[in-house]
Novice: 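The structure that follows is given in the form of structure tokens.
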Amino acid sequence: MDIYNYKEIRTPVFEETSLFSRSIGELTDIVGKEMYSFTDRSGNSLTLKPEMTAAVTRSYIQHNLGEKQPLTKVYYISPAFRQERPQAGRLRQFHQFGAEAIGGPNPEIDAEIISLSAAIYKNFDITDFEIRINSVGCQKCRDKYKTVLKSFLSTIADKLSSDSQRRIDTNPIRVLDSKDENDIKLTIDAPLMKDYLCGDCKIHFEKLQTLLHTAGVDFKVDGRIVRGLDYYTKTAFEIISNELGAQDALTGGGRYDLLVSELGGKPTPSVGFAAGMERLLMVLQKRNKLNRTTPHPKLFIAAMDDKSRDRVFQEIFKLRNKGISCDSDLLYRSLKAQMREADRQQAEYVIVIGENEIKSNRVTIKAMQTGNQQEISLDELPDYLSGN
RNA sequence: GUGUCCAUAGUUCAGUUGGUUAGAACGCCAGGUUGUGGCCCUGGAGGUCGAGGGUUCAAGUCCCUCUGGACACCCCA
């Protein structure tokens, strides 16, 4: 994100429900049946955010971010919530990372967003994915296209799946996105949006493609991509993994030129993408590239007997206040149990403090991996540990 | 919202045609060694068998409902 000069933005986990129904669209699945909505004590309907773009846009408008600079480039990493039946790659609480470039109409910005989202996977050495792009046009050309498409679909309506039949009126473009084999066959010759773009949209889409070539981004034009959120205009794109199961979309995004003004801001053309953290993690896990590292204490101090515990406690905090990670037994366990604990915690060093040590102010420090022991003065301990 | 499968110790799982106090491995705790972990040996703790109802002399086992989970549809990140 830094290389592309995007700054982090964080928004609350919940928003007013109307924000999402207005932006994502009343008739979409997300708003229609997947939101975690609830009423607060003042009777307002709130919703755990199902995606980030609407929340970021709200924040952009509310804080007049557009006044600070004409193009606002932000990224986020955030939990998101959708009440669906979970399955591989689909959780009710999941995490999205993404970016939004708010304030510019030019295809260079679309290309930057697509390139940025792809770069993230390449950074993880993931190359087995496919970028699919499409243009869903602007309001003008989309309306025209919808009537053409509707009349085409009505000729085959009785043969389509029931889902698709229902969509002919509500959202005909989605019929082309059907995964029903029969539907796919029937719509193979259906008119596609990209062939009905108005001059402006067509130039934008073509320019985007040459820019992506320049940026070195491989992609495929797929005239059937429709995103499930109503606010998209012109560019729509997806990144699909070849290594995941049924839930194979790593990233989805596109341009939303009307959203800011629909939510009460000035007309502000924008582009963005959202990606699923867990899906990225799944790909990494499949390739055994998920090496989780848990921190280990540098030192474990064991108490010889209960009389020495006060001194152990003292030493522990002396070291912690110097920024050295260390731990000790808090359960009054036997020396053997303390050693076992130190081993379990994979402490790098162990010292035992008892009567002798308190008297002489000298301790034997043991390197747990090698078993080597060395006698040093307690005062040298911080230097000994940080020197290594 | 739909379909298929599943639910027994902290974890992974056994548990016979329904039949006494429900087992193993790993993990956990303690001891073997009264100043030193891992390996080994010995012992111990830990289960409302997901919940509720039903059938039966008897249910972890059969039936119903519910809840939760996995996968798929759908949808999407």
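Note that this is a predicted model, so its numbers are computed, not measured. Proteins get letters first, then strands, A, B, ... in listed order; numbering begins at 1 in each.
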Novice: Which listed nucleotide (B:rC76, B:rC75, B:rG69) is nearest to the side chain of A:D29?
Specialist: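 The answer is B:rC75.
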
Novice: Looking at A:F317, I'd like to know if the NZ or CZ of A:R320 sits under 6.0 Å from its six-membered ring centre while staying within 45 degrees of the ring's axis.
Specialist: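 Relative to the ring axis of A:F317, which defines the angle, A:R320 lies inside both limits.
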
Novice: Quick check on B:rG31: is either OP1 or OP2 less than 4.0 Å from any side-chain nitrogen or oxygen of A:S334?
Specialist: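 Yes, A:S334 has a side-chain N/O under 4.0 Å of OP1/OP2 on B:rG31.
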
Novice: Expressed as a whole number of angstroms, how long is the span from A:E51:CD to B:rC75:P?
Specialist: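 So the CD-P distance, A:E51 to B:rC75, works out to 18 Å.
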
Novice: Without decimals, in angstroms, what is the distance between A:E238 CD and B:rC75 P?
Specialist: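 The answer, rounded to whole Å, is 12 Å.
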
Novice: A:Y349 has an atom OH; how far is it from atom P of B:rG37, in whole Å?
Specialist: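 The answer, rounded to whole Å, is 19 Å.
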
Novice: Around A:Y36, counting heavy atoms of other residues, nucleotides and ligands shown, do more than 12 lie under 6.0 Å from its OH?
Specialist: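 More than 12 within 6.0 Å, yes.
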
Novice: Any donor-acceptor pair, under 3.5 Å, between the side chain of A:N356 and the base of B:rG35, if you only look at N and O atoms?
Specialist: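 Between B:rG35 and A:N356, which were checked side chain against base, a qualifying N/O pair under 3.5 Å is present.
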
Novice: Check if the side chain of A:R90 and the base of B:rA77 share a donor-acceptor pair of N or O atoms closer than 3.5 Å.
Specialist: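 For A:R90, whose side chain was compared with the base of B:rA77, there is no donor-acceptor pair (under 3.5 Å).
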
Novice: Nearest whole Å is fine: how far is B:rU36 P from A:I365 CD1?
Specialist: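 The distance from CD1 of A:I365 to P of B:rU36 comes to 18 Å, rounded to the nearest Å.
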
Novice: Taking a pair as Watson-Crick or G-U wobble with both distances under 3.5 Å, which nucleotide is matched to B:rU2?
Specialist: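 Pair assignment: B:rU2 / B:rA72.
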
Novice: Look at all strands and tell whether A:L91 reaches a base, only sugar-phosphate, or nothing, counting heavy atoms closer than 4.0 Å.
Specialist: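 Base, at least one base heavy atom under 4.0 Å.
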
Novice: Does the plane of the ring in A:Y349 sit parallel, tilted or perpendicular to the ring in A:Y384? Use 30° and 60° as the thresholds.
Specialist: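 If you compare the ring of A:Y349 with that of A:Y384, the planes turn out perpendicular.
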
Novice: Just say parallel, tilted or perpendicular for the rings of A:Y196 and A:Y145, cut-offs at 30° and 60°.
Specialist: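 Taking A:Y145 first and then A:Y196, their aromatic rings sit tilted (interplane angle of 30° to 60°).
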
Novice: If each of A:R340 and A:A367 is mapped to the nucleotide of RNA chain B with the nearest heavy atom, which maps nearer the 5' terminus, i.e. the 5' end?
Specialist: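 It is A:R340 whose nearest nucleotide is closer to the 5' end.
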
Novice: Do A:K336 and B:rG32 share a donor-acceptor pair, side chain to base, under 3.5 Å?
Specialist: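 A donor-acceptor contact between them is present.
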
Novice: Once hydrogens and angles are ignored, does a donor-acceptor distance under 3.5 Å link the base of B:rG3 to the side chain of A:R85?
Specialist: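 A donor-acceptor contact between them is present.
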
Novice: With a non-hydrogen cut-off below 4.0 angstrom, is A:R82 in contact with a base, only sugar-phosphate, or nothing?
Specialist: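 It contacts base atoms.
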
Novice: If you only use heavy atoms from C-beta on, which nucleotide in B:rA77, B:rU36, B:rC29 is closest to the side chain of A:A249?
Specialist: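 It is B:rA77.
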
Novice: Figure out the CD/C1' separation between A:Q346 and B:rG38, and round it to whole Å.
Specialist: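 Answer to the nearest Å: 11 Å.
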
Novice: Which sits closer to the 5' end of RNA chain B, A:T28 or A:K366, going by the nucleotide each is nearest to?
Specialist: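 Nearest-nucleotide comparison on RNA chain B picks A:K366.
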
Novice: Would you say the side chain of A:E357 and the base of B:rG35 hold a donor-acceptor pair, judged only by whether the two atoms sit under 3.5 Å apart?
Specialist: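 For A:E357, whose side chain was compared with the base of B:rG35, there is a donor-acceptor pair (under 3.5 Å).
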
Novice: What is the distance from CD1 of A:I225 to C1' of B:rC75, rounded to the nearest Å?
Specialist: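 Distance check: A:I225 CD1 to B:rC75 C1' gives 16 Å.
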
Novice: Please determine if a side-chain N or O atom of A:R333 lies less than 4.0 Å away from the OP1 or OP2 oxygen of B:rA30.
Specialist: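 Answer no for this pair, as no side-chain N or O of A:R333 is under 4.0 Å from OP1 or OP2.
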
Novice: Give the nucleotide from the list B:rA70, B:rC76, B:rU36 with an atom nearest to the side chain of A:V352.
Specialist: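 Per side-chain heavy atoms of A:V352, the pick is B:rU36.
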
Novice: Expressed in whole Å, how much space separates the P atoms belonging to B:rG47 and B:rG23?
Specialist: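 So the two P atoms sit 14 Å from each other.
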
Novice: Nearest to the side chain of A:Q87, which nucleotide is it out of B:rA77, B:rC73, B:rC75?
Specialist: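 Shortest atom-to-atom distance from the side chain points to B:rC73.
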
Novice: What integer number of Å spans the P atoms of B:rC62 and B:rC49?
Specialist: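 That atom pair is separated by 16 Å.
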
Novice: Could you give the distance separating B:rA70 and B:rU33 at their C1' atoms, to the nearest angstrom?
Specialist: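 Straight-line distance between the two C1' atoms is 48 Å.
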
Novice: Distance between the C1' atoms of B:rC63 and B:rU55, in whole angstroms?
Specialist: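 These two C1' atoms come out 7 Å apart once rounded.
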
Novice: Mind calculating the distance between CG (A:D329) and C1' (B:rC29) to the nearest angstrom?
Specialist: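 The distance from CG of A:D329 to C1' of B:rC29 comes to 13 Å, rounded to the nearest Å.
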
Novice: Give the C-alpha distance, both sets of side-chain angles, the deciding distance and a yes or no for ring pair (Phe, Tyr, Trp, His ring centres under 6.0 Å) between A:Y6 and A:Y75.
Specialist: CA-CA 6 Å; A:Y6 282 69; A:Y75 77 89; 7.9 Å; no

Novice: Please report the distance separating the P of B:rG52 from the corresponding atom of B:rU16, rounded so that it comes out in whole Å.
Specialist: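 Pairwise P distance, B:rG52 against B:rU16, rounds to 23 Å.
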
Novice: Taking the P atom of each, how far is B:rU17 from B:rC13, in whole Å?
Specialist: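 It comes out at 22 Å once rounded to the nearest Å.
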
Novice: Roughly how many Å apart are B:rC39 and B:rG27, using the P atom of each and rounding to a whole number?
Specialist: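 Result for the P pair: 7 Å, nearest Å.
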
Novice: Any side-chain heavy atom of A:M35 within less than 4.5 Å of one from A:V31?
Specialist: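 Yes, close enough: below the 4.5 Å cut-off.
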
Novice: A:I239 CD1 to B:rC76 P: how many Å, rounded?
Specialist: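 Answer to the nearest Å: 17 Å.
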
